[in-house]
Structure formats: structure tokens, C-alpha cells
Amino acid sequence: MSDALTNQSRPKSSATLTVRIIKSFQYRTERSLVLHELNLETTTVADLKNIARNAVLTHPGWKPYRSVTLDTLKLYTKAHGAKTTNLIINLDHDDWILDNDNKTLADCGFGVSSALRVSSSFIAVVENETEVSFFNSELYEQFKLNPTTSWD
């Protein structure tokens, strides 16, 4: 049995990502889309948005989410990392918003974890099981001004 953490066990060319599709911040309406075998080195931010939008439009069970204009991706958490206390989205770290559609996910830091010492050199460790939130930016900005939720 390997001692490697699950986020370090897969290569960048075959990662699993969870996209948290957010319909409502106020009511904490979110559904997770798990994407397997995603190549972080070739998939761009725009590609990830299109994959998620296409899943919402074509997969059964996503009909309630089709009315939301999904336009923004933001890192939610990495496997084995600290999570936010807000259950719907992390309100801090606006620098975690993926705003360059042309960057690959690897360029955005999805494939890089802490470095491991191997012999006398350092190598980057591939990270798997990252979670990103996909939402409407206008609704996000409104929620940031008044972060209250219903159904508590």
C-alpha cells in the first residue's frame, strides 16, 4: 500500500476535478460535477467552463441550473488543504478567481503541490482532487456585499 496522498497519486494528464456549480449563494444551492481523466496540461480555463456548461445543458438532473449564467471559476479548495467556513464559497482570496481563459489549468497552479525532496533536488508533486466553484459573477458580487444565507 502506498503512502502517497490521493492528491499526489495521479499525473497532470489524468486528474480528477470537482466543479461546484452554484445556482444560489443565498440559498446555498450547489451541485458537484466530478470530472475524471482531465488533462491539466492541455485543458484551458475556457475549456473547463465549456465542459461544465455542456454538462449542465445536456446531463439529466441539471435542469434547475440551466437558468443561471455561469461565467466565473474560482478555486474552492485543494485536497487535504484548509477549507473555508462558508459552506457555499470562499469569500476571501479573490486572487483565486481564474480570469484568464487562455491559461491551462496547470499554468493556474492546479497541478502543483508542495515540493518533495528526492535525493538532493526538489520536484513538483502533481495534485489531484482540486475543487473549483463555477458561478455567476454578478450574483457573487452581490453576495459579497451581504453574505447572509437563508435556510440556516
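Evaluation of the side-chain hydrogen bond (donor to acceptor under 3.5 Å, both in side chains) rule for T72 yields no partner, not counting sequence neighbours.
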*Yes or no on side chain to side chain contact (heavy atoms under 4.5 Å, CB included) for D107 and L105, after CA distance, side-chain angles and deciding distance?*
CA-CA 5 Å; D107 290 341; L105 299 179; over 6 Å; no
*Please lay out, stage by stage, how Q26 and S150 fare under the test side-chain hydrogen bond (donor to acceptor under 3.5 Å, both in side chains).*
CA-CA 6 Å; Q26 178 183 359; S150 300; 3.1 Å; yes
*asked:* Set out, in order, the CA-CA distance, both residues' side-chain angles and the distance that settles side-chain hydrogen bond (donor to acceptor under 3.5 Å, both in side chains) for N136 and T69, then state yes or no.
replied: CA-CA 6 Å; N136 179 280; T69 303; 4.5 Å; no
*Determine, stepwise, if the pair D101 / D47 fulfils side chain to side chain contact (heavy atoms under 4.5 Å, CB included).*
CA-CA 8 Å; D101 283 350; D47 293 338; over 6 Å; no
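We find the OH-OG distance between Y76 and S32 to be 9.5 Å, quoted to the nearest 0.5 Å. Distance SG/C108 to CG/N100: 7.0 Å, rounded to 0.5 Å. In this structure, the separation between CG on L35 and OG1 on T18 is 8.0 Å, given to the nearest 0.5 Å. With rounding to the nearest 0.5 Å, the separation of CG in L17 from CG in L33 is 10.0 Å. Annotation: the span from K49 atom NZ to T44 atom OG1 amounts to 9.5 Å, rounded to 0.5 Å. We find the CG-OG1 distance between L40 and T104 to be 8.0 Å, quoted to the nearest 0.5 Å.
Screening residues 137-147 for salt bridge (charged side-chain N to carboxylate O under 4.0 Å, His left out), with sequence neighbours left out, gives D94-K144, E141-K144. Among residue pairs with one or both ends in residues 52-68, those qualifying as side-chain hydrogen bond (donor to acceptor under 3.5 Å, both in side chains) are N50-R53; sequence neighbours excluded.
In terms of modelled atom types and a separation under 3.5 Å, the side chain of N90 and the main chain of L75 share a donor-acceptor contact.
Looking at N39 and S13, their side chains never bring a donor and an acceptor atom within 3.5 Å of each other.
Tracing side-chain contacts under 4.5 Å through hydrophobic residues (I, L, V, M, F, W, Y), one reaches I97 starting from I88; they form part of the same cluster.
Aromatic ring orientation, F25 versus F143: parallel (interplanar angle below 30°, classes split at 30° and 60°).
Nearest heavy-atom pair, L48 versus T43, reported as atom, atom and distance to 0.1 Å: N-CG2, 4.0 Å. Nearest heavy atom pair, residue E37 against residue S14, reads OE1-OG, 2.6 Å. The two atoms that bring L70 and I22 nearest to each other are CD2-O, 4.0 Å, heavy atoms only. Between D92 and K74, the closest heavy-atom pair is O-NZ, 3.0 Å.
Look at R20 and E131 and you find a salt bridge, because one of the NZ, NE, NH1 or NH2 atoms lies within 4.0 Å of a carboxylate O, short of that distance.
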